[in-house]
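What follows is a short report on a single structure.
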Amino acid sequence: MDEIQEMVANIAGKCLGMGAGELGPDDDLRAVGLTSLRMVELMTELEERLSIEFPDEIIEVGTFGSVRSLADSVRRLAS
């Protein structure tokens, strides 16, 4: 995993009550406990840490499907 994927994985793991390194880049976040409430928590944490803002049009299940898909969105927002 690259640096952004690792950061997303660590923050997602924290929001899901998992230890560092437990989430792989393609793990289904919903299958490991990502609920709508936790998704908002994860999104808020990423926005605060990285000084980004998720526009409404990308706040969807696909964006938050895996660490990889979420990291790809974070990369686009940060550039």
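Every heavy atom of this structure was used, including side-chain atoms; hydrogens, water molecules and symmetry mates were not.
For S66 (side chain) and D28 (main-chain N/O), no donor-acceptor pair under 3.5 Å exists by modelled atom type. The backbone N or O of F54 lies less than 3.5 Å from a partner atom in the side chain of E47, making a donor-acceptor pair.
We find the CG-CD1 distance between L50 and I4 to be 7.5 Å, quoted to the nearest 0.5 Å. Put simply, OG1 on T44 and CG on L42 are 8.5 Å apart, with the number rounded to the nearest 0.5 Å. Atom CD1 of residue I52 and atom OG of residue S73 lie 9.0 Å apart, to the nearest 0.5 angstrom. To the nearest 0.5 Å, atoms CE (M39) and CD (E60) are separated by 9.5 Å.
Under a cut-off of 6.0 angstrom, the local environment of CD in E57 is crowded, with over 12 non-hydrogen atoms contributed by other residues, nucleotides or ligands.
Two different hydrophobic clusters hold F64 and V61 under the rule that ILVMFWY side chains link at heavy-atom gaps under 4.5 Å. Hydrophobic clustering (side-chain heavy atoms under 4.5 Å, transitive across Ile, Leu, Val, Met, Phe, Trp, Tyr) keeps I58 apart from V40. Under a hydrophobic clustering in which Ile, Leu, Val, Met, Phe, Trp and Tyr are joined whenever their side-chain heavy atoms come within less than 4.5 Å, directly or via other members, L70 and I59 fall into the same cluster.
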Without placing hydrogens or testing angles, list every side-chain donor-acceptor pair under 3.5 Å for residues 6-24, not counting sequence neighbours.
{"from": "N10", "atom 1": "ND2", "to": "E6", "atom 2": "O", "distance (Å)": "3.3"}
{"from": "E22", "atom 1": "OE2", "to": "G19", "atom 2": "N", "distance (Å)": "2.5"}

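Side-chain contact between E41 and E45 is absent, with no heavy-atom pair separated by less than 4.5 Å.
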| field | Residue pair V67, D27: steps toward the side chain to side chain contact (heavy atoms under 4.5 Å, CB included) verdict | value | CA-CA 7 Å; V67 168; D27 290 347; over 6 Å; no

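Heavy-atom minimum distance, G65 versus R30: CA-NH1, 3.4 Å.
Ion pairing of R68 with D2 is absent here, as no side-chain N (NZ or NE/NH1/NH2) approaches a carboxylate O to less than 4.0 Å.
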